[in-house]
> 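Sharing a structure with you now.
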Amino acid sequence: MNIKLTTPAAVAAALAGLMAAAPAFAADYVQAPGSVLVFATKYDGEVFTGSFPGFDTKLSFDPAKLDGAHLEVTIPLAGAKSGNSDRDSTLQGADFFNVGKFAQAKYSATKFRALGNNQFAADGTLELRGVSKPVTLTFTWTPGAQPVLSGKATVKRLDFGVGGGDWADTKNIPNETAISTKVVLKAK
């Protein structure tokens, strides 16, 4: 096939055609009931945990064919719950998640590595508060009729501007926040 693109309009039309023909991300699995996404950190030396109800996961994954793996997680931030209404209100405010401006976070990964014994790593990108940074999710894959992805990651909150201003002091709140998840999946 010999195509001659001589004008900027012809180049733009050809690119638009290629983009339209590109396949969209088609998940093999979607999140099923029983899935959880939680975080843990400290405030003034006291550990507290919270969760993100309503998160949504789409996954294409075959442990034998990692080149085609793809993970997308959408996390509504306004629903963050820590068991303390004052703290939850603070988390939603401008110094932390700023849910009025940034309603959700997104995690996306297309690079996966086998670690052995059904353990894998997804090298992806977390977008939070308009900032995108690399985050690696290590996880165990349990195959079955409803496979389970059980994973953990560490997020450096200050990299994303979470807990700025008076909250930036890492003596009160550590920079590292532990994230863990158990995603029950079903075939799409």
> Which atom pair, heavy atoms only, marks the closest approach of Ala80 to Phe52?
CB-CE2, 3.8 Å
> Which heavy atom of Lys182 sits nearest a heavy atom of Ser150, and at what distance?
CG-OG, 4.1 Å
> Using the rule given for side chain to side chain contact (heavy atoms under 4.5 Å, CB included), can you reason through Thr57 versus Leu37, listing the C-alpha separation, both sets of side-chain angles and the distance that settles it, and then say yes or no?
CA-CA 10 Å; Thr57 306; Leu37 177 62; over 6 Å; no
> Kindly give the heavy-atom pair with the smallest separation between Pro76 and Pro53, and that separation in Å.
CG-O, 3.9 Å
> Please check if the number of heavy atoms outside Asp67 that lie under 6.0 Å from its CG is greater than 12.
no
> Hey, what do you get for CZ (Phe112) to CG (Leu71), rounding to the nearest 0.5 Å?
5.0 Å
> For the hydrophobic clusters of this structure (ILVMFWY residues joined by side-chain heavy atoms under 4.5 Å, transitively), does one cluster hold both Val99 and Val162?
yes
> Which pair of heavy atoms, one from Thr125 and one from Ser132, lies closest together, and at what distance?
CG2-CB, 3.7 Å
> Apply the test side chain to side chain contact (heavy atoms under 4.5 Å, CB included) to residues Ile173 and Arg157: give CA-CA distance (whole Å), side-chain angles for both, the deciding distance (0.1 Å), then the verdict.
CA-CA 10 Å; Ile173 304 173; Arg157 66 180 180 88; 3.4 Å; yes
> When hydrophobic residues are tied together by side-chain contacts of less than 4.5 Å, even through go-betweens, does Leu115 share a cluster with Val148?
no
> Measure the spacing between CD1 of Ile75 and CZ of Phe39 and express it to the nearest 0.5 Å.
11.5 Å
> Please report the closest heavy-atom contact between Ala105 and Leu128, naming both atoms and the distance.
CB-CD1, 3.8 Å
> Only pairs at least two apart or in different chains count here, so list each ring-ring contact (aromatic ring centres under 6.0 Å, His included) that has a residue in residues 121-153.
Tyr29-Trp141, Phe61-Phe139, Phe61-Trp141, Phe120-Phe139
> Would you give the length of the straight line joining atom CZ of Phe102 to atom CZ of Phe160, rounded to the nearest 0.5 angstrom?
12.5 Å
> For the residue pair Thr181 and Ser35, establish whether any side-chain heavy-atom pair is separated by less than 4.5 Å.
no
> Side chain of Asn175, backbone of Leu158: donor and acceptor closer than 3.5 Å?
yes
> Measure from the side-chain N and O atoms of Asn117 to the backbone N and O of Gln119, and report whether any donor-acceptor pair falls under 3.5 Å.
no
> Between Asp88 and Ser82, do the side chains contain a donor N or O and an acceptor N or O under 3.5 Å apart?
yes
> Between atom CG of Leu59 and atom CD of Gln31, what is the distance when rounded to the nearest 0.5 Å?
11.0 Å
> Would you say Val30 and Lys186 make side-chain contact, with heavy atoms under 4.5 Å?
yes
> Look up atom NZ in Lys81 and atom CG in Leu91, then write down how far apart they are to the nearest 0.5 Å.
10.5 Å
> Step by step, work out the side chain to side chain donor-acceptor pair (under 3.5 Å) result for Asp123 and Thr136.
CA-CA 5 Å; Asp123 298 313; Thr136 297; 2.8 Å; yes
> Quick check: is Val73 connected to Leu66 through a chain of hydrophobic side chains (ILVMFWY, heavy atoms under 4.5 Å apart)?
yes
> If you group Ile, Leu, Val, Met, Phe, Trp and Tyr by side-chain heavy-atom gaps below 4.5 Å, do Ile179 and Tyr43 land in one group?
yes
> Can you measure from OG1 (Thr154) to CG (Leu137) and round to the nearest 0.5 angstrom?
10.5 Å
> Could you tell me whether the side chain of Leu126 reaches within less than 4.5 Å of the side chain of Lys133, counting heavy atoms only?
no
> Quick check: closest heavy atoms across Pro33 and Val184, and the distance to 0.1 Å?
O-CB, 3.8 Å
> Can a donor-acceptor pair be found, under 3.5 Å and without considering hydrogens, that links the side chain of Glu72 to the backbone of Lys58?
no
> Kindly say whether Ser85 contributes a backbone atom to a donor-acceptor pair with the side chain of Ser89 at under 3.5 angstrom?
no
> Taking the six-membered ring of Phe48 as reference, does the NZ or CZ atom of Arg87 fall below 6.0 Å from its centre and within a 45° cone about the axis?
yes
> Heavy-atom count around Asp166 CG within 6.0 Å, excluding the residue itself: above 12?
no
> Under 4.5 Å between side-chain heavy atoms, hopping through other hydrophobics if needed: is there a path connecting Val36 to Leu185?
no
